[in-house]
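Remarks on the structure that follows.
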Amino acid sequence: MTLETKKSVFVALGKFLSQFSENNSSKIAGVLHNDLFFDAFEDLIALSQSHNGWYTPEQVYFSIQSWAAALTEDQLTEWLNKYDLKSDSNKTVALILAGNIPLVGFHDFLSVLIAGHNVKIKTSSNDQHLLPFLAKYIIAVAPEFSGKITFIEGKLENFDAVIATGSNNTARYFEYYFKDKPSIIRKSRNSVAVLDGNETKAQLTALGEDIFRYFGLGCRNVSKLFVPKGYSFDAFFEAIFEYQDVIHYEKYANNYDYNKAVFLMSNFKLLDNGFLTLKEDTSHASPISTVFYEYYDTLVELEERLVSEDEQLQCIVSNNLMESSIPFGQTQKPKLWDYADNVDTISFLLTI
C-alpha cells in the first residue's frame, strides 16, 4: 500500500470524526460508510462513561474533535514529508496502550500503520472500545488493512518490536520483559507551567484548560506551577473560575474531598477555591483536583533545573519564559509531530 493511499484512509477517518461534536453531531454528505458507522459511533460515545467513569461525553468529543483536526491532508503531509516511507514491511509492532484519556494510544496506532508495519494491540481495560471501533472503520475504507490490525486480550506473542506505555513501576517490568526487542517504553511524566505574574487573564484562563481537560488525568495536563517569590494567586483563581462546574462531576468531587481532607489532616497549608486546591510541594506529580506550586528565585536557575529534569516532564507551559515552552491552553492540542516523551516514533519504526 502506498503512502498516499494510507494517508487518504486516515483523511477519510478524519472526515468521519469531524461529524461528531457535543452540541451538534450531524452527517456530512460524501463521508464514507456513514450508513454503517455514524449511528453506531454516536451510541458508543454515549456509552463511553459506562465503560470508564472518567470518559464523559464532553471529554470523548474533545478527543474526537482533536483527531479530526489532525487527520487532514495538510497535517499528515507536513508530518510525514521528512521521512522515507516508500515501502511497507512485514514486521509486527506490539502496542501496550494506556487508558487514562480517550484514544490516548491512537498516535502510536497511526504511526505503526503509516510506517507500513502490522500492529498487534493490547488495549487498557479502561479504554477497550473506541480504538477497535475506529479500526473497523479504517478496514471498511481500506480492506487491505484487515490483515494488518490485530487486537489481543491474552499474552503478547510473535512480534518484532514493542511500544509500551505505563507507570514507572510497570515500565521496569516492560524493560525486563522486552529486553530482547526493539522498544519504546514510556513512563510517568507530568507537565508544568511557569508564571512570572505578568500573564493576562485570558492566558490564565487558558492555563485552566491545561489543568482541567480530561480532569487532569493526562501526562500533558499541568500538575505543577512555578511562580516567583511573593506571587499572589488571586488573579489565577479569578481566571480559572469558569471551570467551577468540574466539581459537579462525582468522581472529581470525590477526589477533591478526599485529597483535601488528607492534606488538612496532615496540617499542610492549602490554597483552595472550592474546586481546586493548591499545595506547595517540590514534586511534579499532584493528585486529581490538586495542583502543586513552588517558588523560584530566577528564571535562569529554574530553566537549568527543568532541563535537568527533562525525563520527568512532558510539557512546559509559559508565556515565552522558557525556550522550550508552549503557549497556555495548548497542552492537549499536540500536532502529529509533537511526540510523546520527545521520542520520534516514526524514526524508531523505520529502524526495526
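Tyr256 and Asp272 share a donor-acceptor pair across their side chains, judged by distance under 3.5 Å alone. There is no side-chain donor-acceptor pair under 3.5 Å between Asp210 and Gln330. Side-chain contact annotation: Asn34 with Lys27, donor-acceptor N/O pair under 3.5 Å absent. Side chain to side chain, Ser66 and Ser63 fail the donor-acceptor criterion of an N or O pair below 3.5 Å. Defined by atom type and a distance below 3.5 Å, a donor-acceptor pair is present between the side-chain atoms of Thr5 and Thr2. Remark: the Ser318 side chain and the Ser325 side chain contain an N/O donor-acceptor pair separated by less than 3.5 Å. If you check the side chains of Asp344 and Tyr83, you find a donor sitting under 3.5 Å from an acceptor.
Scanning all heavy atoms of the two residues, the minimum distance from Val60 to Ser48 falls at CG2-CB, 3.9 Å. Here the closest non-hydrogen pair linking Leu97 and Gly105 is CD2-CA, 3.9 Å. Closest heavy-atom contact between Phe212 and Phe275: CZ-CE1, 3.6 Å. Contact detail for Ala12 and Tyr137: the closest heavy-atom pair is O-OH, 3.8 Å. Nearest heavy atoms, Pro287 versus Phe292: CD-CZ, 3.8 Å. Nearest heavy atom pair, residue Val104 against residue Asp127, reads N-OD2, 4.2 Å.
Taken together through direct or relayed side-chain contacts under 4.5 Å among Ile, Leu, Val, Met, Phe, Trp and Tyr, Leu156 and Val119 form parts of separate hydrophobic clusters. No chain of hydrophobic side-chain contacts below 4.5 Å, direct or via other Ile, Leu, Val, Met, Phe, Trp or Tyr residues, connects Phe236 to Leu270. Leu313 and Tyr214 are assigned to two separate hydrophobic clusters, defined by single-linkage of ILVMFWY side chains at heavy-atom distances under 4.5 Å. No path of Ile, Leu, Val, Met, Phe, Trp and Tyr side chains, each step under 4.5 Å between heavy atoms, connects Ile316 with Leu195, placing them in separate hydrophobic clusters. Note: the hydrophobic cluster containing Ile288 does not contain Val192 (ILVMFWY, side chain heavy atoms under 4.5 Å, direct or indirect links).
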### Message
As a quick check of understanding, evaluate side-chain hydrogen bond (donor to acceptor under 3.5 Å, both in side chains) for Asn190 and Gln314, giving each step before the final call.
### Response
CA-CA 6 Å; Asn190 296 96; Gln314 194 66 260; over 6 Å; no
### Ile352 vs His117, side chain to side chain contact (heavy atoms under 4.5 Å, CB included): CA-CA, chis, key distance, verdict
CA-CA 10 Å; Ile352 63 175; His117 299 306; 3.7 Å; yes
### Working for side chain to side chain contact (heavy atoms under 4.5 Å, CB included), residues Thr277 and Asn259
CA-CA 9 Å; Thr277 56; Asn259 291 318; 5.8 Å; no
### Query
Between Val162 and Val93, does a side chain to side chain contact (heavy atoms under 4.5 Å, CB included) hold up when you go through it step by step?
CA-CA 5 Å; Val162 62; Val93 179; 6.0 Å; no
### Verdict with supporting geometry, Gln19 and Phe38, side chain to side chain contact (heavy atoms under 4.5 Å, CB included)
CA-CA 9 Å; Gln19 302 171 113; Phe38 185 93; 3.8 Å; yes
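The cationic group of Lys279 lies under 6.0 Å from the six-membered ring centre of Phe263 and within 45° of the ring axis, placing it in a cation-pi geometry. Taking the centre and axis of the six-membered ring of Phe145, the NZ or CZ atom of Lys148 falls outside the cone set by 45° and 6.0 Å. For the pair Lys181 and Phe159, the cation-pi criterion (under 6.0 Å, within 45° of the ring axis) is fulfilled.
Salt bridge status for Arg305 with Glu309: present, with a side-chain N to carboxylate O gap under 4.0 Å. Salt bridge Lys224/Asp281: absent, no basic N to carboxylate O contact under 4.0 Å. Glu73 and Lys7 are joined by a salt bridge, as a carboxylate oxygen and a charged side-chain nitrogen come within less than 4.0 angstrom of each other.
Side-chain rings of Phe106 and Trp67 approach one another, their centers coming within less than 6.0 Å. A centroid separation of 6.0 Å or more is found between the aromatic rings of Tyr231 and Tyr295. Aromatic rings from Phe233 and Tyr293 are positioned such that their centres are separated by under 6.0 Å. If you look at Phe41 and Phe37, their ring centroids are not closer than 6.0 Å. Centroid-to-centroid, the aromatic rings of Tyr339 and His107 come within less than 6.0 Å.
Side-chain contact check for Phe16 versus Leu32: every heavy-atom pair is 4.5 Å or farther apart. Looking only at side-chain heavy atoms (C-beta outward), Leu131 and Phe151 come within less than 4.5 Å of each other. Contact annotation: the side chain of Phe215 approaches that of Thr56 to within less than 4.5 Å [non-hydrogen atoms, C-beta and beyond]. Contact of the Thr290 side chain with the Lys260 side chain is not registered, since no non-hydrogen atoms from C-beta on lie closer than 4.5 Å. For the pair Asn221/Arg213, a side-chain contact is recorded, criterion being any heavy-atom separation below 4.5 Å from C-beta on. Between Leu299 and Met322, some side-chain heavy-atom pair lies under the 4.5 Å cut-off. With contacts defined as side-chain heavy-atom distances shorter than 4.5 Å, the pair Tyr243/Thr205 qualifies. In this structure, Leu302 and Thr298 have side chains that are not in contact, with every pair of non-hydrogen atoms separated by 4.5 Å or more.
With rounding to the nearest 0.5 angstrom, the CG atom of Leu134 is 9.5 Å from the CZ atom of Phe10. Atoms OG and CD1, from Ser111 and Ile184 in turn, are 8.5 Å apart once rounded to the nearest 0.5 Å. A distance of 5.0 Å separates CG of Asn273 from CZ of Phe237, quoted to the nearest 0.5 Å. Put simply, CG on Leu95 and OG1 on Thr123 are 11.0 Å apart, with the number rounded to the nearest 0.5 Å. With rounding to the nearest 0.5 angstrom, the CG atom of Leu225 is 9.0 Å from the OG atom of Ser286. To the nearest 0.5 angstrom, Gln49 atom CD is 10.5 Å from Glu58 atom CD.
The 12-atom threshold is exceeded at NZ of Lys179, counting heavy atoms of other residues, nucleotides or ligands nearer than 6.0 Å. For Lys136, the NZ atom is loosely surrounded, since the number of other residues' heavy atoms within 6.0 Å does not exceed 12. The number of heavy-atom neighbours closer than 6.0 Å to CG of Asp35, taken from other residues, nucleotides and ligands shown, is above 12. For Phe133, the CZ atom is densely surrounded, since the number of other residues' heavy atoms within 6.0 Å is greater than 12. Counting heavy atoms of neighbouring residues, nucleotides and ligands inside a 6.0 Å radius, atom NZ of Lys187 does not exceed 12 of them.
The stretch residues 316-342 participates, sequence neighbours left out, in these salt bridge (Lys or Arg N to Asp or Glu O under 4.0 Å) pairs: Arg189-Asp341.
Formation of a donor-acceptor pair under 3.5 Å by the Thr77 side chain with backbone atoms of Asp74 is not found in this model.
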